[in-house]
Protein chains: 4
Amino acid sequence: MSPAKPSIDKREIIFSATIKLLAKYGFHGFSIKQLAEEAGVAAGTIYLYFKDRDELIRELNTQIIDDFIKATLDGHDPEQSIKHQYRRMCCNLWHFCIENPCITHSKAQFDHLPPDILRSQRSHAWVGLQPVKNLFEQGRNTKQIKNLSDDILISLSFEPYLFLSRQHLLGLIQVNDETLTHIIDASWDAIACSTATHGKHNQE
Amino acid sequence: MSPAKPSIDKREIIFSATIKLLAKYGFHGFSIKQLAEEAGVAAGTIYLYFKDRDELIRELNTQIIDDFIKATLDGHDPEQSIKHQYRRMCCNLWHFCIENPCITHSKAQFDHLPPDILRSQRSHAWVGLQPVKNLFEQGRNTKQIKNLSDDILISLSFEPYLFLSRQHLLGLIQVNDETLTHIIDASWDAIACSTATHGKHNQE
Amino acid sequence: MSPAKPSIDKREIIFSATIKLLAKYGFHGFSIKQLAEEAGVAAGTIYLYFKDRDELIRELNTQIIDDFIKATLDGHDPEQSIKHQYRRMCCNLWHFCIENPCITHSKAQFDHLPPDILRSQRSHAWVGLQPVKNLFEQGRNTKQIKNLSDDILISLSFEPYLFLSRQHLLGLIQVNDETLTHIIDASWDAIACSTATHGKHNQE
Amino acid sequence: MSPAKPSIDKREIIFSATIKLLAKYGFHGFSIKQLAEEAGVAAGTIYLYFKDRDELIRELNTQIIDDFIKATLDGHDPEQSIKHQYRRMCCNLWHFCIENPCITHSKAQFDHLPPDILRSQRSHAWVGLQPVKNLFEQGRNTKQIKNLSDDILISLSFEPYLFLSRQHLLGLIQVNDETLTHIIDASWDAIACSTATHGKHNQE
DNA sequence: AATGAATGAGGATTCATTCAT
DNA sequence: GATGAATGAATCCTCATTCAT
């Protein structure tokens, strides 16, 4: 608030304003002036906290990825059964998406950046996703999860939630709690070893 | 070529040039002047075929969707078994994606447009996807496919291919034919009725 | 004139407008917008002829140097006596300066650019100044001109005219034709071998 | 240093920092923020000592002129012979220039300001240059110096040193002590009455 | 006196679009 | 139909200056 102090929270204010505009207008669809207005600061102020537009976007990207991962892993307990852990993650992810529409829509923007940025983004993400890697590894070892690479398992299991939640937020589809349960089961089927379920019920 | 000729294909030339640039530089990453150069025409010429930049993008979007659908449905035969039809579609989709990198990357750009455009895009797509709807409907009726809405089934089954193929094209993952078979099986598991597989092999 | 033609002379129009503003407001004292207004074109038009502000300035610099050299060497005749040749050059230089106030003032701006630019400027200038080098060389060989390097001779002889003409143009001093003759004689004395004049009249 | 102290010398600190930046980056090539950093003070502090950027530059200009004059007149003794006085001044000027590169380069920046500023600059300078005026006056009266106005004599005699020293500092030319002696003699020839030297040696 | 966060006008540059040829 | 020079609004970003602390 006071102009002489470091204004620790102004950075956050700018971040949220960016997320809002990013979600509404897309990646290049808003100007710094608009952003300044939305954040309630002068245009020049933004450059006190970020070197330029690109850095702002890049740092926002990193933070959003971290937010997603943090939310997904909330309450994660490696002692639980594989499927239970997975369900929890899916549930977390879904609710984070629909409770944070702007972040969800913003994230989508980042999926289509130049390859080199995507690469560094990806490697950053995998660090935080270690528990997921562990889950997959353990699942593969115990024949509960198909013998596919982590990337592929992610694409088949978690990725659809991002797509679905965006559609839900746009009002294109309706997903209630019961439906969500079915979706989670369905996405589990995609990565689970079907042979392992033969003749017996889910091991959960 | 000669200015006196009607140049019926110039529209197509502009389209391909746009796809190329779209894939390489993203949605707002290229200018009309660049596009003109890539297409080998004058900047003004583009405005003879498209009202403005937006219209060009919009029409390109429509065409790309149609191309995807056409490719996916290639050789579609409703007489085959559900799973066979599905496999064929997945296979078609995958190969179209990796054989047309520019179109695949371009398509990704379109997934994140303002809501109203997405809506019209979606309704346009569903028209061409009638065979897919039929497939799903028939699958649900015969208990071979889970009782989920078309949108959700799409998200669980076909959507991951777009994500995966982009990663494959970027060199982030490697998918060979054998892996593809496994992925197709996995995505089938996502939408297939697991009860139907109990105690017997795939009904294909 | 016609928008579709290369507009060969628009470049010249922009050049003269730049010289005018450069003389009046100094190097960084005018904006592209001002320049556009002065030249009677749109701001964007300037960028059709010059990559950016720097290139415009750099090219203008080169042309001005050439203009100065061309004017100074006008009517140069190596067959004449050394002093006669020198007088002619001084006279040419002086009149060019006071007849082209804007160019004279602009030139002054260029004398104070970053070292590396000055270096390339200098080497460019020396190419055109070959006749002056020849004059100095011949003068040194015949003991009519002091045994000093070309650079030093230039500083002592021609350089003062630029300074004086600027003062004259600003109305700070008055130089009529008679005074000019004295100045030329004085500047000649600076570079001429004084021993050579002992006991006899000018060898002109 | 401590905010409670009167910091009488802070003005000087800012001055030197300005000279440094002026020499390196030119007139409009540095910002107040840069200056503050170079001076080791906060940006706002500069405004406690100078009304605005222009005033800072203007006052610096005045001081630099005074420094030049002071250095040039160092050890000046009106009792000495005219030529001796002149030599001393040239020598002083030269050494001041090459020992204070930043000041020399800065000065050059000031020579090309808007006319009205130049005018006031000039009148200020002439006040301190009274000894030079006296020298010239005495020289003219005794027929040792050409009958030209003070301005013209300055241009022919002292001005070249500024130009030469800048070239020397940039490494474009090399001037050692012996060469300097020749240059001083040459510049003396420019303003000295050549007839006065006929048949006798320098009256020094 | 000193600070430095905040401002916002003004700078250079880009680019979709127009239109005379 | 085709051109591409010209436009000028809109962009990002800089920076002199202010002022609460």
Side-chain angles (χ1 to χ4, degrees), chain A residues 1-8 10 28 30-37 40-54 56, chain B residues 1-8 10 28 30-37 40-56, chain C residues 1-8 10-11 28-37 40-54 56, chain D residues 1-8 10 28 30-37 40-56:
Chain A
M1 291 302 144
S2 79
K5 266 191 255 157
S7 248
I8 6 162
K10 201 151 268 181
H28 295 258
F30 68 94
S31 68
I32 294 289
K33 196 170 239 174
Q34 265 179 285
L35 172 56
E37 208 167 316
V41 300
T45 303
I46 293 166
Y47 292 87
L48 293 178
Y49 296 90
F50 303 94
K51 195 174 75 59
D52 57 18
R53 199 184 205 276
D54 272 5
L56 164 61
Chain B
M1 290 302 143
S2 84
K5 263 192 253 164
S7 271
I8 8 165
K10 207 154 263 183
H28 295 255
F30 68 94
S31 67
I32 294 289
K33 196 165 254 174
Q34 263 180 284
L35 173 55
E37 203 169 321
V41 301
T45 304
I46 292 167
Y47 289 84
L48 296 175
Y49 295 91
F50 304 94
K51 193 175 77 62
D52 57 20
R53 196 184 203 276
D54 274 3
E55 190 185 283
L56 163 60
Chain C
M1 294 300 141
S2 79
K5 265 189 255 157
S7 251
I8 7 161
K10 203 153 267 181
R11 200 185 159 88
H28 295 257
F30 68 93
S31 68
I32 293 290
K33 196 170 239 173
Q34 266 179 283
L35 173 56
E37 209 167 315
V41 301
T45 303
I46 293 166
Y47 291 86
L48 293 177
Y49 295 91
F50 303 94
K51 196 174 74 61
D52 56 18
R53 199 183 203 278
D54 272 5
L56 164 60
Chain D
M1 292 302 144
S2 83
K5 264 191 251 164
S7 269
I8 10 165
K10 206 154 264 182
H28 295 255
F30 69 94
S31 67
I32 293 288
K33 196 165 253 175
Q34 262 181 285
L35 173 56
E37 203 169 321
V41 301
T45 305
I46 292 165
Y47 289 85
L48 296 175
Y49 295 91
F50 304 95
K51 194 174 77 61
D52 58 17
R53 197 184 203 277
D54 274 4
E55 190 186 283
L56 164 61

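Labels below follow one simple rule: chain letters A, B, ... track the order of the sequence lines, proteins then strands, and each chain is numbered from 1. Quick caveat, the model's predicted, so the values are computed rather than measured.
Rounding to whole angstrom units, CD of residue Glu37(A) and P of dA9(E) are separated by 13 Å. Taking atom CG of residue Leu35(B) and atom C1' of nucleotide dC15(E), one finds them 13 Å apart after rounding to whole Å. Across the protein-nucleic acid pair, Tyr49(C) atom OH and dG4(F) atom P stand 14 Å apart, rounded to whole Å. The CG atom of Leu48(B) sits 12 Å away from the C1' atom of dT18(E) (whole-angstrom rounding). The distance between atom CD1 of Ile46(B) and atom P of dA16(E), rounded to the nearest whole Å, is 9 Å. When rounded to the nearest whole Å, the span between NE2 of His28(B) and C1' of dC15(E) equals 13 Å. Atom CG in Leu56(D) sits roughly 10 Å away from atom P in dT17(F) (whole-Å rounding).
At least one donor-acceptor pair closer than 3.5 Å links the side chain of Gln34(A) to the backbone N or O of Ser31(A).
Within the 4.5 Å cutoff, side-chain heavy atoms of Tyr47(B) are placed close to those of Ile32(B). For the pair Leu35(C) and Leu56(C), the minimum side-chain heavy-atom distance is below 4.5 Å.
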Which nucleotides of nucleotides 8-13 of chain F have their base under 4.0 Å from a protein heavy atom (B), which only their sugar-phosphate (S), and which neither (-), written as one string 5' to 3'?
B--SSB

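For Ala42(A) against Ala36(A), the heavy-atom pair with the smallest separation is C-CB, 3.9 Å. Across every non-hydrogen atom of His28(C) and Arg53(C), the tightest pair is CA-NH2, 4.4 Å.
When Ile46(C), Thr45(C), Leu48(C) are each tested for a side-chain contact (heavy atoms from CB on, under 4.5 Å) with Lys10(C), only one passes: Thr45(C).
For Phe50(B), the ring pair (Phe, Tyr, Trp, His ring centres under 6.0 Å) criterion is met by Phe15(B), not counting sequence neighbours.
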Pairing pattern in dot-bracket form [Watson-Crick, G-U; both distances under 3.5 Å; | = partner strand] for DNA chain F:
.||||||||||||||||||||

